Asker: 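Supplied in structure tokens, the structure appears directly below.
Note on naming: letters A, B, ... go to the chains in the order of the sequence lines (proteins, then strands), and numbering restarts at 1 for each one. Every heavy atom of this structure was used, including side-chain atoms; hydrogens, water molecules and symmetry mates were not. Since the structure is predicted, the reported quantities are computational estimates derived from the model, not experimental observations.
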Protein chains: 2
Amino acid sequence: MHLTVSEENYIKAIFHLQEADGTVSTNQLAANIHTKPASVTDMLKKLTSKRLLLYKPYQGVRLSSEGRKLALEIVRKHRLWESFLVDKLQFGWDEVHEVAEELEHISSKKLVDKLDQFLGNPRFDPHGDPIPDSNGVMVSLRQVNLLDLKPLTRAEVCSVGSQSPELLELLKHKQILIGTRLEVQCKFEFDHSLEIQLEARGNITISQQLAQALFVKTI
Amino acid sequence: MHLTVSEENYIKAIFHLQEADGTVSTNQLAANIHTKPASVTDMLKKLTSKRLLLYKPYQGVRLSSEGRKLALEIVRKHRLWESFLVDKLQFGWDEVHEVAEELEHISSKKLVDKLDQFLGNPRFDPHGDPIPDSNGVMVSLRQVNLLDLKPLTRAEVCSVGSQSPELLELLKHKQILIGTRLEVQCKFEFDHSLEIQLEARGNITISQQLAQALFVKTI
DNA sequence: AAAAATATTTAGATTTGTCTAAAAATATTT
DNA sequence: AAATATTTTTAGACAAATCTAAATATTTTT
Ligand SMILES: [Mn+2]
Ligand SMILES: [Mn+2]
Ligand SMILES: [Mn+2]
Ligand SMILES: [Mn+2]
């Protein structure tokens, strides 16, 4: 199954977006891929006809198992190339994404596996993300409760434990959303509260109840 | 100046074809790039409007100095990636061309220069072809065709005239590589075949076609 | 120098991936 | 439950890169 660069970029974007929600909307995808919703709809129809997506018009989309398999191959290549750039070519970890965005589309399977071997079969890329193996198996950084993080761990919020308006009001007030990055500073035994650092917004205190309602992945 | 993969492939093909003739015909280019002459004409018009070619309808085409500069960047990338594949990833020299055909279009200048450094600034690729430096300067090998050597001349193989798998298969079988030393024993008028002596492997016969595909320097 | 053969360009169509504007479906607010 | 707002799809257009078939230019042969 040969895919164009554009098709591969859509497959990969859907893979990442559906991690969070399970299903992905047209607008989400358009924003992510920097195109217009109309273009997304066209591509969804094409990839659906290739049996890579499960798509119900107006109801969002997710990857078929075939689509997921392809997505994992692309993610594998992306993360292996990032590892190569940092470990072998001395790129900074913040300079590699753009280049890997191109390299991930090189098609040779043999190249990928030789590269993997050359790098010593790394399990994680320079950003700490897991690298799928040559069978497409990727360890899941299963998300963990914020309460369980040890001090000085960096993490990214990826879901909330309830939809209650009260919780959402508090999160809004504290400017915490899905995707917000933080570092646990310290934990207090007395009330199980945490002090966390929000990127560029300084330290704030989180109650036990609030921490319990937040799920994060470490980064 | 951003070029598409297709445009880059045309620029590189013209570069290689004009080595021989000075100017390149539409049909030559169509055969080389596996397209139809009509498609070539369209592309020639486009690249001419970008000032990369000197093109007179019906009279053939050659690269402008700007076009030549771009061609050398692509050739540099192609040959550096081939070197990487052979020296670092243990590819056979007959397996790298196709993959390099894709890798040569990765655009990051920084990547190319870091790769060059990582490989120890190699001067020649695995097929013995010279690698342009980061300023686009490429040494021209004054090398001679094996067919033109007189009997009892000693020489060293330094490049091959084509990358075809058929040629590379034959060379592998006869155990002839870049760097192999030989002495021409005698030449036969009937079929233009040569008998050559390979160091430590005795005399073998080389067909006219094979001799024509081998370039050597005398030693 | 004509005629024939070959090479090249033009005309018009097709596929891919994108866009804008308008229509239709869904979600939210009153 | 209507009205309003938002999201998504459809319709129609466009640029890039290719193709086939036809027209034109050049080269070779007679
Ligand atoms: Mn990409
Ligand atoms: Mn990464
Ligand atoms: Mn290429
Ligand atoms: Mn080469």
Asker: C:dT16, OP1 or OP2 - any side-chain N/O from A:Ser6 closer than 4.0 Å?
Answerer: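 Negative; the distance criterion is not met.
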
Asker: Is A:Ser39 near enough to C:dT18 that one of its side-chain N or O atoms lies under 4.0 angstrom from OP1 or OP2?
Answerer: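 So the side-chain polar atoms of A:Ser39 never come under 4.0 Å of the phosphate oxygens OP1 or OP2 of C:dT18.
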
Asker: Whole-Å distance between C:dA7 P and B:Leu44 CG?
Answerer: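 Distance check: B:Leu44 CG to C:dA7 P gives 16 Å.
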
Asker: Round to a whole Å and report the spacing from CG of A:Asp42 to P of C:dT20.
Answerer: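 About 13 Å, once rounded to whole Å.
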
Asker: Can you find a side chain N or O atom of B:Tyr55 that sits less than 4.0 Å from OP1 or OP2 on C:dT9?
Answerer: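 For C:dT9, OP1 or OP2 has a side-chain N or O of B:Tyr55 closer than 4.0 Å.
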
Asker: What is the distance from NZ of B:Lys56 to C1' of D:dT26, rounded to the nearest Å?
Answerer: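 Checked: the NZ to C1' distance equals 16 Å.
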
Asker: For A:Asn27 and D:dT6, is the shortest distance between a side-chain N/O and OP1 or OP2 below 4.0 Å?
Answerer: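 No.
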
Asker: Between atom NZ in A:Lys36 and atom C1' in D:dT10, what is the gap in whole Å?
Answerer: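 So the NZ-C1' distance, A:Lys36 to D:dT10, works out to 17 Å.
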
Asker: Under 3.5 Å, is there a donor-acceptor pair between the B:Gln143 and B:Ser159 side chains?
Answerer: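 The answer is yes; a qualifying pair exists.
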
Asker: Can a side chain N or O of A:Gln59 be found less than 4.0 Å away from OP1 or OP2 on C:dT26?
Answerer: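 Yes, A:Gln59 has a side-chain N/O under 4.0 Å of OP1/OP2 on C:dT26.
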
Asker: Could you state the CG-P distance from A:Leu3 to C:dT15, rounded to the nearest angstrom?
Answerer: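 About 19 Å, once rounded to whole Å.
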
Asker: Report which part of the nucleic acid B:Thr41 touches: base, sugar-phosphate, or nothing (heavy-atom distance under 4.0 Å, all strands).
Answerer: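 Answer is base: heavy atoms of B:Thr41 come under 4.0 Å of a base.
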
Asker: With nearest nucleotides of DNA chain C determined for A:Ala38 and A:Thr4 from heavy-atom distances, which residue corresponds to the more 5′ nucleotide?
Answerer: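 With A:Ala38 and A:Thr4 compared, the 5'-side residue is A:Thr4.
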
Asker: Do you know the tightest heavy-atom contact between A:Met138 and A:Pro130?
Answerer: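 It is SD-O, 3.5 Å.
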
Asker: Any chance the side chains of B:Thr23 and B:Asp21 put a donor and an acceptor closer than 3.5 Å?
Answerer: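 No, no side-chain donor-acceptor pair sits under 3.5 Å.
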
Asker: Of A:Pro57 and B:Pro37, whose nearest nucleotide on DNA chain C comes first from the 5' end?
Answerer: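 With A:Pro57 and B:Pro37 compared, the 5'-side residue is B:Pro37.
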
Asker: Under the criterion side chain to side chain contact (heavy atoms under 4.5 Å, CB included), which of B:Ile74, B:Val75, B:Val24 is the partner of B:Phe15?
Answerer: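 Filter result, single survivor: B:Val75.
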
Asker: Rounded to whole angstrom units, what separation is found between the NZ atom of B:Lys50 and the P atom of D:dA16?
Answerer: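 After rounding, the reported distance stands at 8 Å.
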
Asker: Between B:Asn9 and B:His105, is any side-chain donor less than 3.5 angstrom from a side-chain acceptor?
Answerer: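 Judged by distance alone, the side chains do pair up.
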
Asker: In dot-bracket form, how is DNA chain C paired, counting a Watson-Crick or G-U wobble pair only if both its distances are under 3.5 Å and using | for bases paired to another strand?
Answerer: ||||||||||||||||||||||||||||||

Asker: Does the side chain of B:Lys45 get closer than 4.0 angstrom to OP1 or OP2 of C:dT10 through an N or O atom?
Answerer: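 Answer is yes, contact under 4.0 Å.
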
Asker: Under 4.0 Å between a side-chain N or O of B:Tyr58 and OP1 or OP2 of D:dA23?
Answerer: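 No, B:Tyr58 has no side-chain N/O under 4.0 Å of OP1/OP2 on D:dA23.
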
Asker: Any side-chain donor-acceptor pair under 3.5 Å between A:Asn27 and A:Ser25?
Answerer: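 Side chains of A:Asn27 and A:Ser25: no pair found under 3.5 Å.
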
Asker: Tell me yes or no: between the side chains of B:His97 and B:His78, is some donor less than 3.5 Å from an acceptor?
Answerer: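 Yes, a side-chain donor-acceptor pair sits under 3.5 Å.
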
Asker: Quick one: is D:dT7 close enough that its OP1 or OP2 comes under 4.0 Å of any side-chain N or O from A:Thr26?
Answerer: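 Indeed not, no polar side-chain atom of A:Thr26 lies that close.
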
Asker: Is it the case that the side chains of A:Glu102 and B:Ser107 hold a donor-acceptor pair, with the cut-off being a distance below 3.5 Å and no angle test?
Answerer: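 Checked: B:Ser107/A:Glu102 side chains pair up, N/O donor to acceptor below 3.5 Å.
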
Asker: For B:Glu7 and D:dT18, give me the distance from atom CD to atom C1', rounded to whole Å.
Answerer: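 Spelled out: CD on B:Glu7 to C1' on D:dT18 is 14 Å.
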
